Amino acid sequence: MCPAQIALTDTVGKARMTCYARLYCSNAANTGVTSRESRTSVLLDKFRTQLSSGPGFQDFITGVSVNKSNVTAGGEDSEKHAYLSEDLGSGKSRKVYFETYGCQMNVNDTEIAWSILEKKGYQRTADLTEAPQLMETNISHDREKAEQTIWNRLQQLTAMKKKRLKSHAPMKIGILGCMAERLKTELLEREKLVDVLAGPDAYRDLPRLLTVADGGHQASNVLLSLEETYADIMPVHYVPQGNSAFVSIMRGCDNMCSYCIVPFTRGRERSRPVSSILEEIRMLSDQGVKEVTLLGQNVNSYRDMSEEQFYGSDMTKLSRGFKTVYQTKQGGLRFSDLLDQVSRIDPDMRIRFTSPHPKDFPDEVLHLIAERGNICKQIHLPAQSGSNQVLKAMRRGYTREAYLDLVENVRRIIPEVSLSSDFISGFCGETEDDHQQTLSLIREVGYNVGFLFAYSLRKKTHAYHRLQDDVPAEVKQRRLEECISVFREEAVRVNTALIGSTQLVLVEGESKRSAKDLCGRTDGNMKVIFPKDNVALEPAESQTGPINAGDYVLVKVGFGSYRTCSYTEPTLIFSK
């Protein structure tokens with residue numbers, strides 16, 4: 001009996017003895033093993049051949065013809081899958097109604113979503129009662145009161161949906177944007193108020209989601225992307241008078257401020273290719289648009305790395321005295337480069353941008369704003385607090401002193417600049433002394449416009465996990481009211497200095513206060529009210545003509561409130 005036969009009879013030490021047998025068995029035994037392995041290999045090859053030539057998934061779908069050419073040489077499916085119905089996601093002329101709340105990014109998101117749906121055959125309606133598909137883009141999720149507005153509206157729409165006559169197509173309610181990502185569980189499972197949820201990076205999936213909802217199921221896609229910028233989607237700009245438009249240039253944020261949820265609802269920073277941005281702005285210029293606002297959660301941290309020629313060793317430049325929580329970035333086409341190219345497209349088109357971070361205002365950006373006549377001399381510098389202790393807790397990356405140095409530098413380079421800011425009252429750990437430092441900062445800077453809010457804790461943020469929301473609600477409200485009062489005093493002082501000056505105003509349309517007046521905005525983004533009268537035309541001032549939306553008008557400043565100024569003696573200098 002050979003060693004191999006002995007090993008196979010030993011069940012206790014089978015593994016060990018089998019190894020031993022393979023080493024010591026006779027040549028005849030080795031030949032037998034090799035023969036069996038060869039036959040097994042032949043059988044496996046034959047089985048693989050049968051699989052590759054057999055039926056695929058498409059063969060099991062009724063009514064779908066199999067197109068073998070849809071399989072590439074590498075064995076991967078092409079973009080067009082034979083097993084999917086060609087009209088899947090088609091709108092079939094169904095109507096969709098949008099309600100957009102909150103910031104300008106939500107307005108731009110609506111335009112992107114509508115562009116995608118329009119290409120699929122959907123029709124947009126301004127009448128809610130006509131629409132079987134209702135899309136709501138969310139309001140700013142950083143404010144508790146604003147979010148409650150959406151919840152209340154959803155309750156109203158759900159009641160309307162239940163009362164809808166059976167003869168009508170059933171209404172489907174959807175939420176788009178940040179709120180969809182952050183509150184997906186509450187919206188779909190607990191409250192059951194919506195049929196469709198699409199996060200800010202999932203708008204391309206809307207046609208499919210709506211098709212699923214039409215089948216009676218809830219549908220959601222709130223996945224975030226590291227790459228999505230919708231660069232190839234040309235937004236459908238839905239502006240009543242068509243004189244201004246928003247253009248998204250980047251998405252997401254890397255700053256990780258402790259109070260802010262944006263990095264968790266809109267993801268990391270990624271910039272849209274400059275070629276795509278320029279193409280959209282040229283199109284808007286051809287359509288007669290007179291003002292474009294560049295948009296981004298951190299708009300002036302724009303950094304295009306889409307082309308190899310943009311790679312380089314240059315490090316990102318920050319405002320002096322500012323730092324970040326992330327490592328300094330390298331290479332890329334920067335915001336100053338983009339702003340330079342955008343401003344050259346149409347000298348008669350005003351360029352604005354929002355919302356910036358104070359850290360991303362190196363001197364080259366400021367000098368460019370000062371030099372170009374069509375880049376508005378208005379800069380938003382969100383301070384959030386005037387206390388170093390609170391700024392550190394917020395993880396803002398600067399001190400009060402560095403912020404004031406930046407303000408001084410901005411006003412030195414752009415003497416006629418108009419400044420605006422954001423402030424949060426009652427942040428975690430804020431003391432009465434911290435609050436007084438914020439009031440003193442507002443007085444020292446003197447802003448033209450301000451956006452002030454009481455702090456509301458948001459889940460997922462650094463503050464939610466690491467800090468304590470220990471300022472009572474009534475104290476937050478009192479401090480907020482004091483900040484608003486001081487801001488108004490300073491705004492009146494700053495804006496009063498404009499009385500007697502002549503300003504260039506872009507006419508927006510009829511004033512909400514009176515049908516006899518028109519309204520518009522200065523280069524510094526101050527709202528103005530002036531009479532709807534025929535005005536002198538330059539250069540022949542003896543001629544007069546009517547003022548229309550989209551015209552540029554020279555006006556002499558009169559007296560107004562801290563928010564608006566009344567103007568006299570308007571002179572029309574440019575008509576579209």
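Quick caveat: nothing in here was measured; it's all calculated off a predicted structure.
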Using a strict cut-off of less than 4.0 Å between a Lys/Arg side-chain nitrogen and an Asp/Glu carboxylate oxygen, indicate whether [X] and [Y] qualify as a salt bridge.
{"X": "Lys329", "Y": "Asp254", "answer": "yes"}
{"X": "Glu430", "Y": "Arg479", "answer": "yes"}
{"X": "Glu489", "Y": "Arg493", "answer": "no"}
{"X": "Glu228", "Y": "Arg272", "answer": "no"}
{"X": "Arg282", "Y": "Asp286", "answer": "no"}
{"X": "Asp363", "Y": "Lys317", "answer": "no"}
{"X": "Arg352", "Y": "Asp523", "answer": "no"}
{"X": "Glu291", "Y": "Arg521", "answer": "no"}
{"X": "Arg251", "Y": "Asp109", "answer": "yes"}
{"X": "Asp304", "Y": "Arg270", "answer": "no"}
{"X": "Lys476", "Y": "Glu481", "answer": "no"}

- [ ] Carefully, step by step, assess Phe423 and Tyr447 under the rule ring pair (Phe, Tyr, Trp, His ring centres under 6.0 Å).
- [x] CA-CA 12 Å; Phe423 287 94; Tyr447 301 97; 5.7 Å; yes
Open item on the list: Between Tyr259 and His462, is the ring pair (Phe, Tyr, Trp, His ring centres under 6.0 Å) condition met? List the steps.
Closed with: CA-CA 7 Å; Tyr259 56 83; His462 175 83; over 10 Å; no
Side chain [X], main chain [Y], donor-acceptor under 3.5 Å:
{"X": "Arg303", "Y": "Gln330", "result": "yes"}
{"X": "Lys460", "Y": "Arg458", "result": "no"}
{"X": "Thr431", "Y": "Asp434", "result": "yes"}
{"X": "Asn152", "Y": "Thr149", "result": "no"}
{"X": "Ser115", "Y": "Pro235", "result": "no"}
{"X": "Thr316", "Y": "Thr328", "result": "no"}

Task: side chain to side chain contact (heavy atoms under 4.5 Å, CB included) partner of Leu197, the single match among Leu176, Leu183, Leu187 - done: Leu187
TODO: Compute whether any side-chain donor of one residue and acceptor of the other, for Asp433 and Gln437, lie under 3.5 angstrom apart.
DONE: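 Distance-only check passes for Asp433 and Gln437.
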Task: Tyr203/Tyr230 aromatic ring centres below 6.0 Å - done: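 Yes, close enough.
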Open item on the list: Using the ring centroid of each side chain, check whether Phe353 and Phe246 are separated by less than 6.0 Å.
Closed with: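 Ring-ring flag for Phe353/Phe246: false, centres at least 6.0 Å apart.
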Task: Interatomic spacing from CZ in Phe453 to SG in Cys483 - rounded to 0.5 Å - done: 12.5 Å
Open item on the list: Is the shortest side-chain heavy-atom distance between Leu339 and Leu294 below 4.5 Å?
Closed with: yes
Task: Which residues share a side-chain contact (heavy atoms from CB on, under 4.5 Å) with Ser301, sequence neighbours left out - done: Met250, Glu269, Asn298, Lys359, Asp360
TODO: For residues Leu284 and Val292, report the shortest heavy-atom separation together with the two atoms involved.
DONE: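 Taking every non-hydrogen atom into account, CD1-CG2, 4.0 Å.
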Open item on the list: Which heavy atom of Ala231 sits nearest to which heavy atom of Pro273, and what is that distance?
Closed with: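 In terms of heavy atoms, the two residues are closest at CB-CD, 3.6 Å.
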TODO: Could you go through the side chain to side chain contact (heavy atoms under 4.5 Å, CB included) check for Thr229 and Ser271 one step at a time?
DONE: CA-CA 7 Å; Thr229 63; Ser271 296; over 6 Å; no
